[in-house]
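Some notes on the structure that comes next.
Values below: every heavy atom of this structure, side chains too, minus hydrogens, waters and symmetry copies. Chain letters run A, B, ... following the sequence lines, proteins first, then strands; residues in each count from 1. From a predicted model like this one, the values you see are computed outputs, not experimental measurements.
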Amino acid sequence: MPELPEVETTRRGLAPALEGRVLTRVVVRERRLRWRLPAGFEAALAGCRVREVRRRAKYLLIATDRGTLIVHLGMSGSLRIVDPALAPQPHDHVDLLLDSGRAVRFNDPRRFGCLIFVAGDPLAHPLLRTLGPEPLSSEFDADYLYRRTRRRRVAIKQLVMNAAIVVGVGNIYASEALFRAGLRPQRAAGRLTRAEVVRLVAAIRRVLGAAIKVGGTTLRDYVNADGLPGYFRQKLFVYERAGEPCRVCQTPIRQRVQGQRSTYWCPTCQR
DNA sequence: ATGGGCACCTGGCTGC
DNA sequence: TGCAGCCAGGTGCCCA
């Protein structure tokens, strides 16, 4: 579910409730997440004081004085600040109780998400070590992407969704960025011109930035740390709009499956 | 190295 | 009404 804007929105909601707080107790109701929670998970976290809540790609990094809790929301996960007295709902798998009297509650129906507690540098963890640059950092520029696209036959949409190239761009924002750049998703990455790559980099940054500003995109179940949806859905040009008129030229939006994911584009605006 | 496909899960919707 | 089939915001891993 959540792509970079949704994870960043969650981070911003969690940070004020978590930073400086002690995790007094950890309650696990379901250990079978993407990776099974180890036996010592609760004990390792209990008593930790949260230093800060960071983000790398779609991972949330809850840094404490004794280690870092790495959280990924998978397709259907959310983290909410709740009153721990509130009765747990289905798929409320983990609670982190805070010394403020509140709790962070992890809910994930599909259980593609994960929670991993690491003692050392979280960025050195195998899951994070091989990630490409952040799309909103200066490292991700046209020079970089142009270089990484050369001699690549994959479709540009799949390349842009590859976390080794650039992180945080999932199925919604890949389609949306390509629309804004005027590029067909099925174009071979290696055949983009330099000018096209310049447009694409700008479009990725713009669309992610705009989505963060309005709290991300809620299609079905995404909610932020306060349980509220994001409002970027209203700004989508192509995603989940197959057959509907293009907002720019009225041509019906097309859809096809590309690398097992639905792709949407306007055959007139995108070349 | 690159690319393609499957797997992991639950729930909601569609159409018979 | 019931149920099979399909689809969904991600990504690790295996194979050619």
Across all strands shown, which nucleotide pairs with C:dC14 by Watson-Crick or G-U wobble geometry, both distances under 3.5 Å? B:dG4
In whole Å, I'd like the distance from the CG atom of A:L33 to the P atom of C:dT11. 16 Å
Roughly how far apart, to the nearest Å, are B:dC9 and C:dC3 at atom P? 24 Å
Is a donor-acceptor contact shorter than 3.5 angstrom present between the side chain of A:R111 and the base of B:dC9? no
Is A:F112 stacked against the base of B:dC9, taking the criterion as centroid distance under 5.5 angstrom and interplanar angle under 30°? no
Find which nucleotide of DNA chain B each of A:R32 and A:Q158 is nearest to by heavy atoms, and output the residue with the more 5' nucleotide. A:Q158
Using a strict 4.0 Å threshold on nitrogen-to-oxygen distance, state whether A:E42 and A:R31 make a salt bridge. yes
Mind checking if A:R220 touches a base, just sugar-phosphate, or nothing, with heavy atoms under 4.0 Å? base
I need the CE-P distance between A:M161 and C:dG9, as an integer number of Å. 8 Å
Charged N to carboxylate O under 4.0 angstrom, A:R29 versus A:D95? yes
Most 5' of A:R34 and A:T217 on DNA chain C, judged by nearest nucleotide: A:T217
Hey, does A:R261 reach any base, or is it just sugar-phosphate, or nothing, if we go heavy atoms under 4.0 Å? base
Length of the line joining A:N162:CG and C:dT11:P, which is rounded to integer Å: 11 Å
Taking all non-hydrogen atoms of both residues into account, name the closest pair between A:Q255 and A:Y264 and its distance. NE2-OH, 3.4 Å
Distance between the C1' atoms of B:dG3 and C:dG9, in whole angstroms? 23 Å
Over how many whole Å does the gap from A:L219 atom CG to C:dC7 atom P extend? 16 Å
Does B:dT10 have a Watson-Crick or wobble partner in any strand here, with both distances under 3.5 angstrom, and which is it? C:dA8
Any idea which of C:dA8, C:dG9, C:dG12 is nearest the A:E6 side chain? C:dG9
Separation of C:dT11 atom P from A:L73 atom CG, nearest Å, is 10 Å
Assuming nearest nucleotide by heavy-atom distance, tell me which of A:Q260 and A:H91 is located more 5' along DNA chain B. A:Q260
Under 4.0 Å between a side-chain N or O of A:S262 and OP1 or OP2 of C:dA8? yes
To the nearest angstrom, how far is A:R256 atom CZ from C:dC7 atom P? 15 Å
When you group the ILVMFWY residues by side-chain heavy-atom contacts below 4.5 Å and let the links chain together, are A:V104 and A:I116 in the same group? no
Does anything in residues 10-21 of chain A form a salt bridge (Lys or Arg N to Asp or Glu O under 4.0 Å)? List the pairs, not counting sequence neighbours. A:E8-A:R11, A:E8-A:R12, A:R21-A:D99
What's the shortest heavy-atom distance between A:T218 and A:R233, and which atoms? O-CD, 3.5 Å
What contact category does A:Y59 fall into here, base, sugar-phosphate, or nothing, at under 4.0 angstrom with non-hydrogen atoms? sugar-phosphate
Between B:dG3, C:dG9, C:dG12, which nucleotide gets closest to the side-chain atoms of A:N171? C:dG9
Nearest whole Å is fine: how far is B:dG3 P from A:Q186 CD? 16 Å
Rounding to an integer number of Å, can you tell me how far A:W35 CH2 sits from C:dT11 C1'? 8 Å
